Amino acid sequence: ELDGTARLQTAELHALKVNRSLSPPLCKVEKLLKQAEGAGEVLDQTSYTVLMTAHARSSQATEAAECLKSMQSAQLTPDIVTHNTLLNAYCKEKRVTEARLHLHEIMQSQLKVDAFSFTPIVQVCANSGRLVDAVAWLEAMCAREIPPDVVVYTTVLNACAKRADAHVATEVFQKMRSAGLQPDTVAMNSLIDSCSKCRDADSALRYLEDMKQMGLKPSIRTYTCVLVALGQLLKLEQAFELLEEAISQGLRPDLILYNVLLNACVKAADAERAQQIFQKMHVQGIKPDVGSYSALVNVYAALGNVEAAANVIADMQEEGVSPNKFTWAGMLKACDTAADAVWACVTFRNLVSFGTKPDDFLVNHFQRIVGPDLARRVIGKRGLKVT
C-alpha cells in the first residue's frame with residue numbers, strides 16, 4: 001500500500017511537469033502524506049512539491065512557502081520545479097513583491113531558471129497594469145535566452161492596449177516577430193487596440209492588412225478597434241467602407257460596433273449616417289440600447305434640431321429603453337444650440353418626471369439656457385435648489 005502511495009505521488013509530480021493544470025486536491029494530498037508519515041515514511045522531494053502545488057492551487061502561498069522551508073530543514077534540495085511552484089503560488093495571489101524577491105533568489109543560486117519561472121510574473125504584472133515591470137521581466141527572459149511563447153507576448157500586448165501604449169505594443173510585437181512566432185487573432189487585436197486608443201488609424205489599418213496576409217481572419221472586435229480610431233479622426237467614409245468589408249467577410253456587426261460608429265457620427269454631427277446605422281441595426285434585429293439612443297440625441301443636439309432629438313427620446317421610451325442623464329444632457333444641449341428656452345423647460349420637467357435625479361451639471365446647464373430667474377421657478381417647484 002505504501003509503495004502504491006509513493007507511486008501515486010511520483011505520478012502526480014510527473015503530471016504536474018507535463019501539464020501544470022493538473023494537480024490533486026489539497027485534502028487528498030494531505031491525506032496521502034499523513035498516511036505515509038503515520039507508517040514511518042519520510043517525506044521526499046516529490047511529496048513536498050506535490051503538497052506545495054496543492055497549496056498553490058488553493059491560493060495558499062504562505063503555506064506553500066512554509067512547505068519549502070520545511071523541505072530545506074529536512075536537508076532536501078528543492079529543484080526548479082519546486083521553486084516554480086512557489087512562484088506560481090505568489091503570482092496567483094498577486095503577491096508580486098514576494099514573487100520578484102523569490103525569483104531573484106533563484107537566479108542567484110545554481111539552479112537554471114526556465115520559462116515556467118518567468119511566465120507567471122510576466123503575466124501577473126501585465127494583468128495588474130504594471131506594464132513597465134511586465135516588459136522588464138519579458139526582456140529578462142530574452143536576455144537569458146529563454147524564449148517567451150505566444151501566450152506571454154499576447155498577455156503583454158493586452159496590457160499595452162489597456163494602457164493605450166502603442167509605442168511599447170509595437171516594440172513587443174516586433175520582438176515577437178523577430179523570435180519567429182506567429183501571433184494569433186487575440187494578439188493582433190490587442191496591438192490594433194493599442195494603436196486605436198492612440199488615434200493612430202494608419203497603423204491600425206496596416207496591422208489589419210498584416211493579419212490578412214498572415215492568414216488570420218479578423219474578428220468583429222478587430223474591426224471595432226480600427227473603427228474607434230477612424231471615428232476619432234472623423235474618417236466616416238472610410239469607417240463605413242470598413243463596415244461593409246466586415247459584413248462581406250461574413251461577420252455580423254454587434255451593438256458595440258454600431259455604438260462606436262454612432263459616437264463617430266456625434267463627433268461629425270452626421271445625422272444621415274447615424275440614421276443609416278439605426279436602419280442597419282433594425283434590419284439585423286439588434287436592439288439599440290440607451291447609449292445608442294443617447295448618441296443619436298447628441299447628433300441632433302449638435303445640429304440644434306430640438307424636435308428630432310425629442311422624437312428620439314419618445315421612440316426609445318416606446319421601445320422600453322429609459323433615458324439616462326446623458327440622454328437628457330444631449331436634449332438640453334439641443335435646446336442650448338437652438339436657444340430654445342421653452343423646450344429646455346419641457347425637457348427639465350420631463351427628466352424629473354421620468355425619474356432622473358438632476359445633478360449639478362444638468363441643473364447648471366438648464367440655468368444657463370433659461371436664465372437664473374426662470375430656472376429658479378421651474379426647479380423650485382420640484383424641491384430642488386439652484387446653485
Side-chain angles (χ1 to χ4, degrees), residues 150-151 153-162 164 166 169-170 172-173 176-177 181-268 270-296 298-299 316 319 321:
V150 173
V151 174
Y153 277 111
T154 301
T155 302
V156 178
L157 285 172
N158 187 49
C160 292
K162 291 178 180 178
T170 301
V172 171
F173 179 70
M176 183 180 184
R177 297 297 285 156
L181 294 175
Q182 168 79 9
D184 57 14
T185 302
V186 176
M188 295 303 297
N189 285 351
S190 295
L191 177 61
I192 292 171
D193 192 16
S194 298
C195 297
S196 295
K197 288 177 179 176
C198 293
R199 305 169 72 92
D200 188 353
D202 291 339
S203 294
L205 287 166
R206 184 175 70 253
Y207 289 128
L208 173 61
E209 292 304 314
D210 287 347
M211 286 186 70
K212 300 173 187 176
Q213 293 177 8
M214 293 176 193
L216 297 174
K217 183 177 180 180
S219 64
I220 276 297
R221 183 173 184 273
T222 312
Y223 283 100
T224 301
C225 291
V226 180
L227 289 173
V228 168
L230 292 174
Q232 290 173 338
L233 299 175
L234 302 183
K235 296 183 177 181
L236 287 191
E237 183 174 351
Q238 197 172 2
F240 272 73
E241 289 175 356
L242 198 63
L243 171 63
E244 294 305 321
E245 177 185 309
I247 295 174
S248 70
Q249 296 297 317
L251 297 174
R252 187 176 185 272
D254 56 12
L255 179 62
I256 296 175
L257 184 147
Y258 281 127
N259 280 350
V260 166
L261 285 175
L262 284 169
N263 286 322
C265 291
V266 173
K267 290 182 173 63
D270 193 327
E272 182 179 353
R273 281 200 167 99
Q275 285 289 359
Q276 290 175 7
I277 294 171
F278 264 75
Q279 290 171 3
K280 287 181 177 292
M281 294 172 72
H282 177 73
V283 170
Q284 288 185 222
I286 297 176
K287 184 177 180 180
D289 65 1
V290 63
S292 313
Y293 285 110
S294 297
L296 188 56
N298 275 281
V299 171
M316 69 186 293
E319 293 297 324
V321 181

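Every value quoted in this text rests on a predicted model; they were computed, and no experiment measured them.
In this structure, Lys162 and Ser190 have side chains that are not in contact, with every pair of non-hydrogen atoms separated by 4.5 Å or more. For the pair Asn189 and Asn158, the minimum side-chain heavy-atom distance is 4.5 Å or more. Pro218 places a side-chain heavy atom less than 4.5 Å from the side chain of Leu208. Looking at Leu233 and Arg199, their side chains come closer than 4.5 Å, going by heavy atoms from C-beta outward. You'll find the side chain of Lys217 stays beyond 4.5 Å of the side chain of Thr222, heavy atoms only.
For the pair Ser194 (side chain) and Ala166 (backbone), a donor-acceptor distance under 3.5 Å is absent.
Rounding to the nearest 0.5 Å places CD of Glu272 at 10.0 Å from SG of Cys265. Tyr223 OH to Ile192 CD1: the interatomic distance, rounded to the nearest 0.5 Å, is 9.5 Å.
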side-chain contact (heavy atoms from CB on, under 4.5 Å) for Leu251 and Ser219? Distances and angles first, verdict last. CA-CA 7 Å; Leu251 297 174; Ser219 64; 5.6 Å; no

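Residues satisfying the side-chain contact (heavy atoms from CB on, under 4.5 Å) criterion with Val260, sequence neighbours excluded, are Thr224, Leu227, Val228. A search for side-chain hydrogen bond (donor to acceptor under 3.5 Å, both in side chains) contacts involving Thr170 returns nothing, not counting sequence neighbours. Listed by chain and number, the residues in a ring pair (Phe, Tyr, Trp, His ring centres under 6.0 Å) with Tyr153 amount to none (sequence neighbours excluded). In this view, Glu245 and Lys212 satisfy the salt bridge (Lys or Arg N to Asp or Glu O under 4.0 Å) rule, not counting sequence neighbours. Remark: Val150 engages Thr154, Met176, Leu181, Asp184 in a side-chain contact (heavy atoms from CB on, under 4.5 Å) (not counting sequence neighbours). With sequence neighbours excluded, the residues satisfying side-chain hydrogen bond (donor to acceptor under 3.5 Å, both in side chains) with Asp270 are Arg273. With sequence neighbours left out, Tyr293 forms a ring pair (Phe, Tyr, Trp, His ring centres under 6.0 Å) with Phe278. Asp200 meets the salt bridge (Lys or Arg N to Asp or Glu O under 4.0 Å) test with no other residue; sequence neighbours excluded. Among residues two or more places apart in sequence or in another chain, the side-chain contact (heavy atoms from CB on, under 4.5 Å) test is passed with Ala229 by Ser196, Ala201.
Sorted by first and then second residue, the salt bridge (Lys or Arg N to Asp or Glu O under 4.0 Å) pairs involving residues 219-230 (not counting sequence neighbours) are Asp193-Arg221. Among residue pairs with one or both ends in residues 226-239, none qualify as side chain to side chain donor-acceptor pair (under 3.5 Å); sequence neighbours excluded.
For the residue pair Leu234 and Ala264, the shortest heavy atom distance occurs at CD2-O, 4.3 Å. Ala187 and Leu157 get closest at one heavy-atom pair: O-CD1, 3.8 Å. In this structure, Leu261 and Ala239 approach most closely via the heavy-atom pair CD2-CB, 4.0 Å. In terms of heavy-atom proximity, Arg252 sits nearest to Ile220 at O-CG1, 3.5 Å. Considering all non-hydrogen atoms of both residues, Lys267 and Gly231 come closest at CD-O, 4.0 Å. Nearest heavy atom pair, residue Ala274 against residue Leu296, reads CB-CD1, 3.7 Å.
Within a 6.0 Å sphere centred on CD1 of Ile256, other residues, nucleotides and ligands contribute 12 heavy atoms or fewer.
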Side-chain donor-acceptor distances from residues 279-289 under 3.5 Å, at least two apart:
residue: Lys280; atom: NZ; partner: Glu244; partner atom: OE2; Å: 2.9
residue: Gln284; atom: OE1; partner: Tyr258; partner atom: OH; Å: 2.3
residue: Gln284; atom: NE2; partner: Pro253; partner atom: O; Å: 3.2
residue: Lys287; atom: NZ; partner: Glu319; partner atom: O; Å: 3.3
residue: Asp289; atom: OD1; partner: Asn259; partner atom: ND2; Å: 3.2
residue: Asp289; atom: OD1; partner: Gly291; partner atom: N; Å: 3.1
residue: Asp289; atom: OD1; partner: Ser292; partner atom: N; Å: 2.9
residue: Asp289; atom: OD1; partner: Ser292; partner atom: OG; Å: 2.8

